[in-house]
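Chain A is the first sequence line, chain B the second, and so forth, proteins listed ahead of strands; every chain is numbered from 1.
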Number of protein chains: 8
Amino acid sequence: MTDTQYPDNRITRENSALVLVDHQLGLILGVHDQDQEQLRRNVVSLAGFATAYDIPVVITTSADDGPNGDLLPELSRLLPDATLIRRPGEIDAFDNQDFEAAIRATGRSHLIIAGISTDVCVTFAALSAISRGYHAHAVLDASGTWSALASQSAAARMQTAGVVLNSTVAVAAELQRDWRNPGGAELAAVFSDSALPFYGSLVSFATR
Amino acid sequence: MTDTQYPDNRITRENSALVLVDHQLGLILGVHDQDQEQLRRNVVSLAGFATAYDIPVVITTSADDGPNGDLLPELSRLLPDATLIRRPGEIDAFDNQDFEAAIRATGRSHLIIAGISTDVCVTFAALSAISRGYHAHAVLDASGTWSALASQSAAARMQTAGVVLNSTVAVAAELQRDWRNPGGAELAAVFSDSALPFYGSLVSFATR
Amino acid sequence: MTDTQYPDNRITRENSALVLVDHQLGLILGVHDQDQEQLRRNVVSLAGFATAYDIPVVITTSADDGPNGDLLPELSRLLPDATLIRRPGEIDAFDNQDFEAAIRATGRSHLIIAGISTDVCVTFAALSAISRGYHAHAVLDASGTWSALASQSAAARMQTAGVVLNSTVAVAAELQRDWRNPGGAELAAVFSDSALPFYGSLVSFATR
Amino acid sequence: MTDTQYPDNRITRENSALVLVDHQLGLILGVHDQDQEQLRRNVVSLAGFATAYDIPVVITTSADDGPNGDLLPELSRLLPDATLIRRPGEIDAFDNQDFEAAIRATGRSHLIIAGISTDVCVTFAALSAISRGYHAHAVLDASGTWSALASQSAAARMQTAGVVLNSTVAVAAELQRDWRNPGGAELAAVFSDSALPFYGSLVSFATR
Amino acid sequence: MTDTQYPDNRITRENSALVLVDHQLGLILGVHDQDQEQLRRNVVSLAGFATAYDIPVVITTSADDGPNGDLLPELSRLLPDATLIRRPGEIDAFDNQDFEAAIRATGRSHLIIAGISTDVCVTFAALSAISRGYHAHAVLDASGTWSALASQSAAARMQTAGVVLNSTVAVAAELQRDWRNPGGAELAAVFSDSALPFYGSLVSFATR
Amino acid sequence: MTDTQYPDNRITRENSALVLVDHQLGLILGVHDQDQEQLRRNVVSLAGFATAYDIPVVITTSADDGPNGDLLPELSRLLPDATLIRRPGEIDAFDNQDFEAAIRATGRSHLIIAGISTDVCVTFAALSAISRGYHAHAVLDASGTWSALASQSAAARMQTAGVVLNSTVAVAAELQRDWRNPGGAELAAVFSDSALPFYGSLVSFATR
Amino acid sequence: MTDTQYPDNRITRENSALVLVDHQLGLILGVHDQDQEQLRRNVVSLAGFATAYDIPVVITTSADDGPNGDLLPELSRLLPDATLIRRPGEIDAFDNQDFEAAIRATGRSHLIIAGISTDVCVTFAALSAISRGYHAHAVLDASGTWSALASQSAAARMQTAGVVLNSTVAVAAELQRDWRNPGGAELAAVFSDSALPFYGSLVSFATR
Amino acid sequence: MTDTQYPDNRITRENSALVLVDHQLGLILGVHDQDQEQLRRNVVSLAGFATAYDIPVVITTSADDGPNGDLLPELSRLLPDATLIRRPGEIDAFDNQDFEAAIRATGRSHLIIAGISTDVCVTFAALSAISRGYHAHAVLDASGTWSALASQSAAARMQTAGVVLNSTVAVAAELQRDWRNPGGAELAAVFSDSALPFYGSLVSFATR
């Protein structure tokens, strides 16, 4: 079994970078297309997966000294070595040259993108990634936006443009590929701690 | 950074016109795929963005002396200089030659369309725009219709036909592009006042 | 303004037939993706539109002497002259040669299809219509099925296959095209009576 | 009427195999995009249909001695002769060579896939099936996942990749094709017992 | 079996009057605690029951030449002989002396009250009825109001004050008491036509 | 520990009878305040508990040769020895003298009542039970009615009248009182099979 | 018609004061039992009613220089003359002696209380008001809290304690009592502008 | 300000004990009347409050070596000194003499009770507490049960029996009484960490 069997819309540990856009303390207070705490657990899980699989991470914030607020503190804590690009004004992260350079510096072809809001920061970054030749995966459940209709419009726009719509757990499973590969124990821990809390209960049952 | 980097499914201040179709006092009373007041705040926000970015606006109403009712009065107030086409009977706005001429007169290639109902006035105008060579963006959350299934069918039909599905806040962000560009302060004000009221609370926190 | 401007994914009075599949008294009791009474009002509205625009109607039922139940009695009442094909066992209506002949006899190129259930009778008829060279419009809100996920899967399958997803009111508006065309008064009456009851209240306000 | 009329995105008794992925006692406890019992009734129904139509079945589980839990016991009971592949670690079932061989051994071109979770096990198996030249039908309502957004992202990803989204009842109806074909009585029994319990009440009414 | 067994919080044909408060074409457009058409079917059903059981009916409207709109036209049609009190300004119907006299003239001790809105017209009339010594039954599902919280507050206030909370079908069943009593056929017809449309399907099944 | 400690609003195996009112195949098709299958599992569970605890059961149906339909067949199967009173017309079961006699013959003071519909058959039976000196427990989740507002009104009316509102699982737990008492194994089986299917999964985990 | 007819659980312009507790910019961001903007429109409406009826208003905030945030700015603007008590730490407003004095200074016996959160600031103030001999009305839809269960528990606790649960529109209607009394025009304006926006559309229809 | 002003349905640090009933890893997997993670955060918050206010805590589990599962591990971690009563079979905790003794040993008159499930363990403990002369507060949002109707029945039963329905945040606020009292900083920390995560964002804004 070799990775060459994998068609190119799949992500692997070798071809992917994680891009977190504007997960900020102010912006999350306006999220209404899913539970805010579930979103928070999902982005924390993405951070955990990136660490487990040693995948490059680029974090960016927008005007974080203003109403958008600081980066979620748990992300700083979990990803101390991630590249952080504080954008002074550009809304599409790719309009910021430092961001674009940071992405290029990862050397990866597939960008796993999550952010707030889905219809602005995620969609713009994903569309720009596609137009620059990257593969883009948008993680819907680690992103959030202001209403169901805004969420639906963003999903359709990205789907049409060739962005793969994805979910937190599926991203992890695709990177892990086989539970016996390195990272399996870390994956189970992140599932139990944040991505799938019910899984923690099952682990407890299965191991007593 | 120049706008020539932008692929043509993006909207800019230079290439876009705003088209508001049948936001009338009677029709809004039948909207059930989203909160009627949220819809109202969103179309008011579009009006605010168009003013901030000096984008041409074409407003049209259908049989506004009958049960459909008058144009929402806040739109008349906010957009006193917009071209207003009162259609006597045509349901697809492009079937009205004055409307088509008004659109042509804007000289813009990208039409940002919202209206009531999503499945009739918005869909018909967007499909006709596409067939006449325009790019069309349908703003789902500044539009409304009678039921969830009617909303879903309209979204799918437009997606298939090449209409970009979009949201109020994403339209503004795409036109603003960088918070430091002209219009940033106006954008923040419209966010706080109508598009994203929670943002107003954040501004208040951030500035005290 | 001539109809030749209309691209061929649009329906007109001249190119369309209405196809009602298995709106039966038993089957409607299992509908859970929308309100059963709203579905009933919508299919009654389609019957009213077909009468107003003098469009051929083909009705078909499946095993109506068994648990599926009789055709909704209001449809028999409203459409006494429609062709009725009582299928003894074929689930895809196009597998019944009388049905296929009845469709061919309408001489129409565009089939407006509604039925119960969306994922079986509507989807199968629409896919078969497409594969025989017809244009197919599936009226989601005049159809119904057993669950939200069944509804979603049917919509996606039909969208991919080239079926236009449509709604009751949009079908009527597309056929009417201009309120001043013949049929406008009948359209308003059907809106008030069944498709959009709120519209009846508005008519009452506007005319006193 | 011959089956050669059927375009190749349709499933038949002759061209299809049923693939059940990770319907395990632990995993089902985390399903939140539909009622867990409805999911359970739907997968039981698929098992009933496969028996009625004598279609090959491949069942696979993932790490079933750990937190994922045992295969749902009703599936073992209903499908004693199905091929069962217990995957020790591979998340994409096609990464397991025994599974791939079992699928190949069915000699079928169309795979009807359901599982838990929709965004991981179903999506991965369906994408891999497509890339190996199979037709893939994903049965959304006999599958389940952790949240609405995860469900939505999986559906969009599969739709884009050419997987047919399908439902439990539509799968059965497509295989039965005509109620008078062999299997009609078994189909009605499965509808009444698990897929569509309201249908059982109708049968009782219709037969007294 | 005599009615003297019935404790006095029960309604009978002999002790009850029906009171319909402000079911007006304008007001119903603001109802959001239940489906507007279901409300409409329920109040029409109450009218049908009152006719079947020959119970006195008092209808009242509030400022019906203004924005509240005319009485629902089907109520005028169904109840041509009901006493109609058009209140020029009083919000609590009992503040209008003609209304109070009309109620007194019925000679009944139990008032079955429905109206729009639940929290204003129904609650005020019911509280005033209680304070004047009447028994009051508020029919929640033949009434409506602006939001779920307004509905909840009204129900709690009335419950505390001794108003019996009731439903359309339960009112009919309590008045009918035995299907073999006079009115049974009329009751079944109203159930089928408006109160419980699914019941019409069952009748059709049971009688073929 | 003796039962004399229990205040009299508690049910015990010694003081209780189970009363099932109008769980009929037709009526259940109109239930919309909860999932129809969940209701069905709950009433089946009550039957299982009554058997486990050897509690007298009185079942009654209303006009079961008409549209209301036959008693749910699983209840006949599970409770072959229950007293069955087929009411020819009385809506309040206590208006039927055979029913009243059957209740009296149980010699029990506490009636555990469930039925369809909550607002009619359950409420009337419970109110009449109270007025005849019985304690009444209404099992909301083993009952069902036509809408949320009908359900809410029935609950409030019964609460005010002194009926204890209860749930399927709480009834069982109150009768079992201690898992080590006789019936514990049967209780666990009913939980796993119908009342709480997730519990079956837990049992499987706990016992492997 | 004199007010002496009114039993004492009714509010009048003469007997009432409006008490707004902790409607602060930070706290409103955590409200999840209703739409935050609807809550905002409702409390603004209460301010409008108090002005129209010249009712004393006491506003209080809690630690408004900390995370709770400033008073909603529209309340300061609309009620410049209201007594404002900035509580440095007391959670139950009546624990603050200035607040208690301000309430006493109004000379009113009935307190109309709204606030954030329903289960803390509103419930505590209402319970303390009752224990000090005031009548208390809690306006549920001009209040908000963190979850549906928190909202439900607060409503039940207040109902039991003798607090009248009320709604924004019902408060206004009770104070207005007759549309012809002074304040009717102001009431209609507040309805149209904030409390019931659909009413504004009706006014527009009725007056053209 | 003295506590003697507080009527006895209020809880204080001096008069209260916290009672956690059956928050076990298996049982929480069946909770469907609220988000399972929100429930988990709420019971963790109660543990934090009890620590901050030095309130006695009695924890009890039911058959925790069987399918119900172990106590939630975070509760063991947070409350190492709490009395833990592992009930071998009694469902009503007060039927266990060790539990009753542990409660008596706290010397407190007011019991703050939360647990799984609301309708069984919480209701039984609360009713038994009341019948033994304790005041009982049931914390609805730190408890959970199997369905909305089960939740509703439990709330009504407890309300009628004199149990105060309460919420996590209100319990804390009632115990804290004044933010300047000891425990204020701990309270804010628990709000930010678990009870009200949005509050943490506000704290971050307010303190930068």
Which heavy atom of [X] sits nearest to which heavy atom of [Y], and what is that distance?
X        : Y        : answer
E/Leu149 : G/Asp33  : CD1-OD2, 4.3 Å
E/Trp146 : G/Val169 : NE1-CG1, 3.7 Å
G/Leu202 : E/Pro67  : CD1-O, 3.4 Å
G/Asn9   : E/Arg157 : O-NH2, 3.3 Å

Give the member of [options] that has the highest number of heavy-atom pairs under 4.5 Å with chain G.
options                               : value
E/Ala155, E/Ser62, E/Pro88, E/Gly66   : E/Pro88
E/Ala156, E/Ala63, E/Ala150, E/Cys121 : E/Ala156
E/Ile91, E/Thr123, E/Asp119           : E/Ile91

Listed by number, the residues in residues 35-51 of chain G that come under 4.5 Å of chain E (heavy atom to heavy atom) are G/Gln38
Is NZ or CZ of G/Arg177 both nearer than 6.0 Å to the six-membered ring centre of E/Phe124 and within 45° of the ring axis?
-> no
For chain E, find which of G/Asn166, G/Thr207, G/Thr168, G/Val171 contributes the most heavy-atom pairs closer than 4.5 angstrom.
-> G/Asn166
Side-chain heavy-atom pair G/Arg180, E/Glu90 within 4.5 angstrom cut-off | yes
Name the region of [X], side chain, backbone, both or neither, that has any atom closer than 4.5 Å to a heavy atom of chain E.
X        : answer
G/Ala206 : side chain
G/Leu196 : side chain
G/Val164 : side chain

Please report the C-alpha distance between G/Tyr199 and E/Asn68 in whole Å, then the side-chain angles of each, then the deciding distance to 0.1 Å, and finally whether the side chain to side chain contact (heavy atoms under 4.5 Å, CB included) criterion is met.
-> CA-CA 8 Å; G/Tyr199 197 80; E/Asn68 292 350; 3.4 Å; yes
Gap separating the CE atom of G/Met158 from the OG atom of E/Ser153, nearest 0.5 angstrom | 10.5 Å
Donor-acceptor contact below 3.5 Å, side chain E/Arg87 vs main chain G/Asp178 | no
